[in-house]
Amino acid sequence: MGKFGIFSDIHANLAALEAVLQHLDDERCDACFCVGDVVGYGASPADCIDLLRERDIPCVLGNHDHYVTSLLDDRLKQLRKDVRASIQWTQENLDMDQLKWLAQLPRYVDVDMIHLVHGAYGPHPWLYLTKADRLAKSFPHQPHDLAFCGHTHVPAIGLLRDGDSAPVLDYLKSGPIPDADKVIVNPGSVGQPRDRDPRAACLIFDTEANTVRLFRVPYDIDHTQKLIRDAKLPDWFAVRLELGR
Ligand code: ZN
């Protein structure tokens with residue numbers, strides 16, 4: 001029982017990660033959890049990995065974390081050119097110990113009442129749960145009533161209510177977790193929000209009150225953009241941060 005900070009998709013954005021951790025500390029969370037994609041897009045992958053490890057924050061494997069540790073995989077050729085550039089840059093800017101840490105991240109974290117998966121449950125781990133029919137592919141494989149995912153960078157809640165034939169998907173609002181057969185909650189993204197709100201996103205899951213509270217935390221976007229441009233990463237990765245998309 002307690003208050004747990006849950007966040008996802010840091011994407012090598014150290015200023016956003018620090019702002020979120022500070023916020024969750026101020027709210028006196030008992031522990032924090034990360035739903036994957038620590039790296040990719042941003043210019044501070046090593047610092048973000050080191051900070052999560054220092055604080056011993058459990059984390060699941062995200063698709064970008066996976067790509068960075070499997071550069072020889074032929075399937076990477078199918079990724080967008082700018083994403084490939086970021087993966088290669090990230091690999092070159094991590095040491096062996098940091099790469100090993102990424103490579104050993106589990107696909108699922110299950111600690112007491114906290115169940116995490118980056119993309120989706122079932123045979124398609126990187127399925128984007130952006131539509132009800134995609135929830136319908138993940139829910140039958142979800143072994144827990146309540147789980148948390150990331151991957152889409154948009155705060156959302158998916159539900160399959162008792163007696164309903166199809167799941168529903170909604171924007172996440174703070175409040176009690178609805179009564180349903182299956183629930184999956186996405187806290188949005190720390191380091192690259194895509195819901196047109198550029199502030200870092202995170203949530204607090206209160207297991208006693210059975211509530212989630214969604215927070216948006218401002219951070220130094222200008223500085224983060226400068227780091228991306230100094231690293232000569234694709235400029236769109238800097239531009240999109242101030243647009244929140
Ligand atoms: Zn992501």
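Side chains included, hydrogens not; waters and symmetry mates left out as well; all remaining heavy atoms used. One-based numbering, in listed order, for ligands and for the atoms of each.
When only modelled atom types and interatomic distance are considered, His153 and His11 share a side-chain donor-acceptor pair under 3.5 Å. A donor atom on one side chain and an acceptor atom on the other are found under 3.5 Å apart for Arg134 and Thr130.
Residues His115 and Tyr108 keep their aromatic ring centres 6.0 Å or farther apart.
In this pair, Tyr41 and Phe237 present their aromatic rings perpendicular. The plane angle is above 60°, beyond the 30 to 60° band. Ring pair Phe33/Phe4 is perpendicular by interplanar angle, where above 60° counts as perpendicular and below 30° as parallel.
Arg194 and Asp9 are not joined by a salt bridge, as no carboxylate oxygen comes within less than 4.0 angstrom of a charged side-chain nitrogen.
Excluding waters, the set of protein N/O/S atoms under 2.8 Å from the Zn ion (ligand 1) reads Asp9 OD1, His11 NE2, Asp37 OD2, His153 NE2.
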